[in-house]
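First the structure, in the form of structure tokens, and then the observations on it.
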Amino acid sequence: MLIYNTLTRRKEEFVPREPGKVAMYVCGPTTYNYIHLGNARPIVFFDTVRRYLKYRGYNVFYVQNFTDIDDKIINRAREVGEEPLNLAARFVNEYFKDADALNVLRADIHPKVSRHLDEIINMVQALVDKGYAYVVDGDVYYEVRKFDGYGKLSGRTLEDMQAGARVDVDVRKRDPMDFALWKSAKPGEPAWDSPWGKGRPGWHIECSAMALKYLGTNFDIHGGGFDLIFPHHENEIAQSEAATGEPFARYWMHNGFITVNQEKMSKSLGNFFLVREILAKFQPEVVRFYLLSTHYRSPLDFDDEKLTAAARGLERIKTSLGLLEEAIAGQEGDAGARPDPALSLRLDELRSEFERAMDDDFNTALAIGIVFDLAREVNTYLQKDSGAGAAEKGAALKKARDLFKDFNGVLGIFKTGENSNILLRGPGRGDAGLVEDLINLIVEIRQEARKKKDWTTADRIRDRLKEMNIILEDTPTGVRWKTQG
RNA sequence: GGCGACAUAGCCAAGUGGUAAGGCAGAGGACUGCAAAUCCUUUACUCCCCGGUUCGAAUCCGGGUGUCGCCUCCA
């Protein structure tokens, strides 16, 4: 398995710290608002990485933090007149609503900064003791010149950075690039006691402290967005490796940015899209499918037309699985039958192609292409007669269904085992069973009209139902209907 | 100013040395009362441009053009 490592700027064979086990840490959101599209990409992508590693048989321990102490939270809390920690906790709950909708599995641990002050303070103290940090008026700064490897992740030297520095230089710092490990509190701000007075952690130290606590040194995968490479992850490395004297993380993975209508999302442009705004227009599966349809290191643009195209593509996959389930349901189970090789051999090929794609730095775009291949393979098989016996055919169909489910177990692009008819499960829809009965009744009446060749009535019913997003399909064996989100 | 990424059909998007995956949209056909769904066929003599290396390059090298990102809170 190959993983592109930001640290070395190339794909490397993945060798975990301990055989069979993967320890990974992904930088989670700062909870001062609902999550936006830019947050959604790493959340969904790294969830997929984790699922695939599991599929590959690794025992994965997955940590994703919440930053619940931060300037942005404090500012926001002041605006709305709420306690900062309260506001942060509220948006942690909101985070889970969005993440659940996107079919993101819970991390093994979701540590919060506010619960790890002891670890953070101890780490800052260790850095001060070792001479990597200095104290000025209750603030503690990390001295970047003291750390030899500073710049190794982002690939730039301290000289490069200073040439381009656009930051106002704080005269109390020994070097303009020195960054805060601990910030003294101003009146009214949340503050914790420390050896340097009341204050709060700097931005980068939390991730170092929490990752080291739960995963130890030299853990396997550290992930996040491209923009975190510098300064956030660069600083994490500097702090952690200076404090422990050991390598911090082995593989650094960074996802590319999301743009909206070809523009970077930014507050000044007013195009910061929240996940739930998109979810109001598109089904969550479509959003997840779209996020995975481009390789994670490439930029990805969002607009309604692209999402609509993605929705149609995903529909094709879901239809295929639906046809497959339908065919299996009409078949007597015959355990022990040998799957029809006409389909079965191809299924084996598709599985290994899928694995090859994912093994190559999690190429989800290619992998999705293989899911489409599977769909066409199944649809074709369902239409033609291979000449095999019913039991063999049934076994092949079940094998195809298992393959679909395995692919989906990794990609998570459609929900299984529940009614996907959004009309029937949406809020305020009343008795879903009643709705279903009524549609069945209408379909029945339409069938009678069709028998009498009353096409005007039959077409009118079909057209009117379509306007209500209920799609009727006449097949040789009866009428199939579904709702369209 | 410093650092870096990308440029593939109408659109989205894989592919990093051997005659261009897949999806959406479009065209033709099969099926259908008509549709829908599905299947079959079809849509890039070519991968931004100009040079070079090579028997051979979308893929490597040099130059150019364009787009984007980081260097500041940001996923």
Side-chain angles (χ1 to χ4, degrees), chain A residues 6 9 11 26-30 32 35-46 67 70-72 75 151 154-157 159-168 177 203 223-232 234 254-259 262-267 272 289-290 293-295 297-301 303 305-317 319-320 322-323 353 357 360 363-376 378-384 450 453-456 458-459 462-463 466 471-476 479-482 484:
Chain A
T6 306
R9 266 159 282 273
K11 289 182 195 174
V26 174
C27 287
T30 299
Y32 67 107
I35 58 168
H36 59 258
L37 274 178
N39 297 302
R41 171 120 93 151
I43 291 165
V44 166
F45 171 67
F46 288 106
T67 298
D70 177 90
D71 290 358
K72 290 193 290 293
N75 292 336
S154 50
R156 46 190 128 190
T157 64
E159 285 62 41
D160 288 342
M161 299 176 205
Q162 276 160 28
R166 287 194 259 147
V167 207
D168 288 335
M177 300 311 294
W203 173 35
F226 251 82
D227 57 326
L228 294 183
I229 295 173
F230 189 88
H232 187 54
E234 192 71 62
H254 294 96
N255 63 272
F257 255 58
I258 279 180
T259 54
Q262 314 281 10
E263 282 176 326
K264 184 191 170 177
M265 283 198 299
S266 75
K267 283 167 194 158
F272 238 85
F289 174 78
Y290 185 66
S293 67
T294 297
H295 187 87
R297 284 188 279 116
S298 301
L300 177 63
D301 187 58
D303 68 43
E305 280 175 37
K306 288 167 186 165
L307 266 297
T308 301
R312 295 210 178 116
L314 181 58
E315 194 57 38
R316 182 176 153 73
I317 293 170
T319 298
S320 178
L323 292 171
E353 283 173 30
D360 185 11
N363 193 336
T364 54
L366 225 199
I368 284 175
I370 289 152
V371 178
F372 277 109
D373 289 340
L374 172 61
R376 182 160 16 77
V378 164
N379 293 341
T380 303
Y381 184 77
L382 254 20
Q383 247 177 25
K384 291 178 181 169
R450 290 184 71 215
K453 299 202 188 299
D454 180 2
W455 309 125
T456 316
D459 290 351
R462 191 173 59 194
D463 291 346
K466 190 177 180 194
I471 313 296
L472 260 46
E473 296 173 6
D474 300 323
T475 77
V479 181
R480 180 182 321 154
W481 65 267
K482 63 181 180 183
Q484 198 173 54

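Keep in mind that this is a model prediction, so the values were computed, not measured. Order of the sequence lines sets the chain letters (A, B, ...), proteins ahead of strands, with each chain counted from 1.
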Using a cut-off of strictly less than 4.0 Å, decide whether [X] has a side-chain nitrogen or oxygen near OP1 or OP2 of [N].
{"X": "A/Asn39", "N": "B/rA75", "result": "yes"}
{"X": "A/Arg316", "N": "B/rA37", "result": "no"}
{"X": "A/Arg156", "N": "B/rG4", "result": "no"}

The side chain of [X] lies closest to which of these nucleotides: [options]?
{"X": "A/Ala365", "options": "B/rG33, B/rC70, B/rA13", "answer": "B/rA13"}
{"X": "A/Lys72", "options": "B/rG22, B/rC39, B/rC73", "answer": "B/rC73"}
{"X": "A/Thr319", "options": "B/rA75, B/rU38, B/rG33", "answer": "B/rU38"}
{"X": "A/Ser298", "options": "B/rU38, B/rA14, B/rC73", "answer": "B/rA14"}
{"X": "A/Arg462", "options": "B/rA35, B/rA75, B/rU38", "answer": "B/rA35"}
{"X": "A/Trp455", "options": "B/rG33, B/rA13, B/rA75", "answer": "B/rG33"}

Answer yes or no: side-chain N or O of [X] and base N or O of [N] forming a donor-acceptor pair under 3.5 Å.
{"X": "A/Arg450", "N": "B/rG33", "value": "yes"}
{"X": "A/Asp301", "N": "B/rC12", "value": "no"}
{"X": "A/Asn363", "N": "B/rG15", "value": "no"}

For [X], which contact category applies under a 4.0 Å heavy-atom criterion: base, sugar-phosphate, or nothing?
{"X": "A/Lys453", "result": "nothing"}
{"X": "A/Asp71", "result": "nothing"}
{"X": "A/Leu37", "result": "nothing"}
{"X": "A/Phe257", "result": "base"}
{"X": "A/Ile368", "result": "nothing"}
{"X": "A/Asn379", "result": "sugar-phosphate"}
{"X": "A/His254", "result": "nothing"}
{"X": "A/Gly38", "result": "base"}

Review point. Given the P atoms of B/rG29 and B/rA35, what is the spacing between them in whole Å?
Key: 11 Å

*P-based separation of B/rU19 from B/rA57 [nearest Å]*: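 Here B/rA57 and B/rU19 have their P atoms 13 Å from each other.
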
Inspect the contact between A/Glu234 and A/Arg156 and indicate whether a charged nitrogen and a carboxylate oxygen are less than 4.0 angstrom apart.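 Salt bridge: no.
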
Any Lys/Arg nitrogen of A/Asp373 or A/Arg376 sitting under 4.0 Å from an Asp/Glu carboxylate oxygen of the other?
-> yes

message: Determine whether the aromatic ring of A/Phe226 stacks with the base of B/rA75, defined as ring centroids separated by less than 5.5 Å and ring planes inclined by less than 30°.
response: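 No, aromatic ring not over the base.
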
Interatomic distance, SG@A/Cys27 vs CZ@A/Phe46, rounded to 0.5 Å, equals 9.0 Å

Paired nucleotide for [N] [Watson-Crick or G-U wobble; both distances under 3.5 Å]:
{"N": "B/rC45", "answer": "none"}
{"N": "B/rC39", "answer": "B/rG29"}
{"N": "B/rG10", "answer": "B/rC24"}
{"N": "B/rU19", "answer": "none"}
{"N": "B/rC70", "answer": "B/rG2"}
{"N": "B/rU53", "answer": "none"}
{"N": "B/rU59", "answer": "none"}

Can you name the atoms? Protein N/O to nucleotides 65-67 of chain B N/O, anything below 3.5 Å, with the distance.
none

- Message: Determine whether A/Asp459 and A/Arg462 satisfy the following criterion, salt bridge (Lys or Arg N to Asp or Glu O under 4.0 Å), listing intermediate values before the conclusion.
- Response: CA-CA 5 Å; A/Asp459 290 351; A/Arg462 191 173 59 194; 3.5 Å; yes

Whichever of A/Ala310 and A/Thr380 has the more 5' nearest nucleotide on RNA chain B, that residue is A/Ala310

